[in-house]
Colleague: 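Below you'll find the structure I mean.
All ligand and atom numbering here is 1-based and tracks the order in the structure. Note: hydrogens, waters and symmetry copies are ignored here, and every other heavy atom, side chains too, is used.
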Amino acid sequence: MAQLLLGKTAIILGLANKWSIAYAIAQAYVREGAKVLITYQGDRQRLTVEELNTEIGAAKVLPCDVTREEEIAALVEQLKADGTTLDIIVHSIAFANREDLSRPFVETSRDGYLLAQNVSAYSLVAVSRALSPLMTNGGAILTLSYLGGVRVVQNYNVMGVAKAALEACVRYLASDLGAGNIRVNAISAGPIKTASARGIRDFSKVLDVVANLAPLRRNTDPAEVADTAVFLGSDLGRGVTGNVIYVDAGFQIMGLGL
Ligand code: NAD
């Protein structure tokens with residue numbers, strides 16, 4: 001079968017370990033022939049990500065903490081120095097304080113609220129602004145969202161509000177960047193057991209509810225999210241921008257299950 005991303009260069013932000021959704025996306029992108037660049041957050045993750053890359057086979061592993069403008073700028077300089085142009089940017093990043101994912105939302109502190117927004121929503125704007133000039137031939141920017149951005153999901157709390165902002169950012173960025181043939185979309189993934197998800201109180205109960213109620217009667221496999229990221233990054237997705245595509249075994253259509 002033809003490789004869908006042959007000749008494309010993708011940068012993937014948010015790979016921490018082999019459970020990361022970004023790990024599945026990186027594997028799928030390499031499989032489909034893309035040249036893949038991976039970033040990691042801070043020195044603490046460098047060794048793990050470099051080791052994982054022996055399996056993935058990305059062309060380069062680079063640092064980028066998205067809350068630090070100087071690190072984003074250094075990333076851009078490094079890419080320019082290497083003569084890199086980009087076709088795809090995958091933003092697979094979120095963070096909130098653990099206590100804000102386990103107590104009533106009304107108790108969210110100002111600092112906790114701003115932290116979640118900064119890392120999980122604003123970073124898409126910062127990264128798009130910095131890296132989109134390298135998309136000289138047009139391109140695709142993707143981010144990862146969750147149902148908690150449009151419905152109340154108990155304990156998702158401040159992260160749900162950040163995802164609502166993230167999805168709005170997708171629409172505004174799609175409008176701004178569309179003239180340069182740059183598409184911006186989100187994949188709203190069903191719950192997947194990753195390091196971030198484990199920070200949400202009672203997360204395993206969420207998995208049980210989804211497996212019982214989702215039309216496909218099961219949870220979401222990260223490889224399914226990755227394959228949709230292939231579609232959106234590839235020329236097959238050329239007419240799709242400003243969208244949120246659900247890859248969640250259909251859970252989001254359900255109202256009440258008995
Ligand atoms: P993960 O913990 O593997 O990935 C989160 C990533 O964010 C990590 O790589 C972490 O290093 C990175 N990150 C956090 N702060 C950062 C910073 N300041 N600078 C750079 N990177 C930073 O978990 P995941 O579940 O793979 O999460 C990836 C994305 O998918 C997130 O946006 C998450 O909200 C979203 N998502 C996850 C699920 C799920 O159930 N796991 C469902 C829907 C959406």
Colleague: Which of the numbered atoms in ligand 1 are below 4.0 angstrom from a heavy atom of Gly190?
Modeller: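 Answer for ligand 1: 40 (O), 42 (C).
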
Colleague: Are Lys205 and Asp208 close enough for a salt bridge, meaning some N to O gap below 4.0 Å?
Modeller: no

Colleague: Going by distance only, is there an N or O of Ala195 that falls short of 3.5 Å from an N or O of ligand 1?
Modeller: no

Colleague: For atom 19 (N) of ligand 1, what is the closest protein heavy atom, and at what distance to 0.1 Å?
Modeller: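 The closest one turns out to be Val66 N, 2.9 Å.
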
Colleague: In the protein, which heavy atom is nearest to atom 30 (O) of ligand 1, and how far is it?
Modeller: Leu144 CB, 3.3 Å

Colleague: Verify, without hydrogens or angle tests, whether Asp82 (side chain) and Thr84 (backbone) share a donor-acceptor contact under 3.5 angstrom.
Modeller: no

Colleague: Is there a side chain to side chain contact (heavy atoms under 4.5 Å, CB included) between Thr228 and Glu224 once you walk through the steps?
Modeller: CA-CA 6 Å; Thr228 299; Glu224 298 167 339; 5.9 Å; no

Colleague: Given Ile187 and Val244, is the side chain to side chain contact (heavy atoms under 4.5 Å, CB included) satisfied, shown in steps?
Modeller: CA-CA 6 Å; Ile187 298 173; Val244 180; over 6 Å; no

Colleague: Test your reading of the model: is there a side-chain donor-acceptor pair from Arg46 to the backbone of Gln41, 3.5 Å cut-off?
Modeller: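 No, the answer is negative, given that no donor and acceptor are paired below the 3.5 Å cut-off.
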
Colleague: Which heavy atom of the protein is the closest neighbour of atom 3 (O) of ligand 1, given with residue, atom name and distance?
Modeller: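 For atom 3 (O) of ligand 1, the nearest protein heavy atom is Ser20 OG, 2.6 Å.
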
Colleague: List the closest protein heavy-atom neighbour of atom 2 (O) of ligand 1: residue, atom name, distance to the nearest 0.1 Å.
Modeller: Ser196 OG, 2.5 Å

Colleague: Go through the side-chain N and O atoms of Glu167 and Tyr146 and say whether any donor and acceptor fall under 3.5 Å apart.
Modeller: no

Colleague: Taking Asp235's backbone N and O only, do any of them form a donor-acceptor pair with Arg238's side chain (distance below 3.5 Å, no angle check)?
Modeller: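 Side chain of Arg238 to backbone of Asp235: a pair is present.
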
Colleague: Do you know the tightest heavy-atom contact between Ala226 and Ala28?
Modeller: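 Scanning both residues, the minimum pair turns out to be CB-CB, 3.8 Å.
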
Colleague: With hydrophobic residues grouped by side-chain heavy-atom distances under 4.5 Å, do Phe95 and Phe105 end up in a single group?
Modeller: no

Colleague: Could you find the nearest protein heavy atom to atom 31 (C) of ligand 1 and give me its residue, atom name and distance?
Modeller: Ala94 CB, 3.6 Å

Colleague: Can you check whether Ile93 has an N/O within less than 3.5 Å of an N/O in ligand 1?
Modeller: yes

Colleague: Hey, is ligand 1 close enough to Ala22 that some N/O pair sits below 3.5 Å?
Modeller: no

Colleague: Pick one of side chain, backbone, both or neither for how Thr143 approaches ligand 1, counting any non-hydrogen atom pair under 4.0 Å.
Modeller: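 Within the 4.0 Å criterion, Thr143 makes no contact with ligand 1.
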
Colleague: State the atoms of ligand 1, each with its element, that fall below the 4.0 Å cut-off from a heavy-atom position in Val119.
Modeller: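 This gives 15 (N), 16 (C) as the contact atoms.
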
Colleague: Any chance the side chains of Ser109 and Asp111 put a donor and an acceptor closer than 3.5 Å?
Modeller: no

Colleague: Pull out every atom of ligand 1 sitting under 4.0 Å from any heavy atom of Ser145, numbered as shown with elements.
Modeller: 43 (C), 44 (C)

Colleague: Starting from the C-alpha separation in whole Å, work towards a yes-or-no answer on side chain to side chain contact (heavy atoms under 4.5 Å, CB included) for Asp100 and Met159.
Modeller: CA-CA 8 Å; Asp100 288 330; Met159 189 55 78; over 6 Å; no

Colleague: Relative to atom 29 (C) of ligand 1, which among Ser92, Ser123, Pro191 owns the nearest non-hydrogen atom?
Modeller: Ser92

Colleague: For ligand 1, is there an atom lying under 4.0 Å from some heavy atom of Gln45?
Modeller: yes

Colleague: Judging by distance only, is a nitrogen or oxygen of Lys163 under 3.5 angstrom from one on ligand 1?
Modeller: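 N/O-N/O distance under 3.5 Å: yes.
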
Colleague: Is the closest basic N to carboxylate O distance between Asp176 and Arg171 below 4.0 Å?
Modeller: no

Colleague: Which ligand 1 atoms does Thr67 reach within 4.0 Å, using its non-hydrogen atoms?
Modeller: 18 (N)

Colleague: Give a yes/no on ligand 1: does Arg68 have at least one heavy atom closer than 4.0 angstrom to it?
Modeller: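 No, that is not the case, since the closest heavy atom of the residue is not under 4.0 Å from the ligand.
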
Colleague: State whether the shortest distance between N or O atoms of Ile192 and N or O atoms of ligand 1 falls below 3.5 angstrom.
Modeller: yes

Colleague: Any N/O of Ile21 closer than 3.5 Å to an N/O of ligand 1?
Modeller: yes

Colleague: Any side-chain to backbone donor/acceptor pair from Asn97 onto Gly112? Under 3.5 Å, distance only.
Modeller: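 No: the side chain of Asn97 does not pair with the backbone of Gly112.
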
Colleague: Hey, does Asp65 come in under 3.5 Å of ligand 1, counting only N/O atoms on both sides?
Modeller: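 Yes.
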
Colleague: Please identify which atoms of ligand 1 are closer than 4.0 Å to at least one heavy atom of Ala16.
Modeller: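 This gives 8 (C), 9 (O) as the contact atoms.
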
Colleague: Are the side chain of Arg183 and the backbone of Val240 linked by a donor-acceptor contact shorter than 3.5 Å?
Modeller: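 Checked: pair present.
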
Colleague: Do you reckon Val150 sits in the same ILVMFWY cluster as Leu101, going by side-chain contacts under 4.5 Å, direct or chained?
Modeller: yes

Colleague: Between the main-chain N or O of Leu86 and the side-chain N or O of Lys8, is there a donor-acceptor pair closer than 3.5 Å?
Modeller: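 Such a contact is absent between Lys8 side chain and Leu86 backbone.
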
Colleague: So which protein heavy atom does atom 14 (C) of ligand 1 come closest to, and at what separation?
Modeller: Gln41 OE1, 3.5 Å

Colleague: Below 4.0 Å, non-hydrogen atoms only: which portion of Met159 touches ligand 1? Side chain, backbone, both or neither.
Modeller: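 Under 4.0 Å from ligand 1, Met159 contributes no heavy atoms.
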
Colleague: What protein heavy atom sits nearest atom 4 (O) of ligand 1, and how far off is it?
Modeller: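 Here the closest protein heavy atom is Gly14 O, 3.7 Å.
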
Colleague: Quick one: does ligand 1 sit under 4.0 Å from the side chain of Cys64, the backbone, both or neither, non-hydrogen atoms only?
Modeller: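 Backbone only.
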
Colleague: Quick one: which ligand 1 atoms are inside 4.0 Å of a heavy atom on Thr194?
Modeller: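 The list of qualifying atoms is 23 (O), 24 (P), 25 (O), 26 (O), 41 (N).
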
Colleague: With heavy-atom distances below 4.0 Å as the criterion, list the atoms of ligand 1 near Leu15.
Modeller: 9 (O)

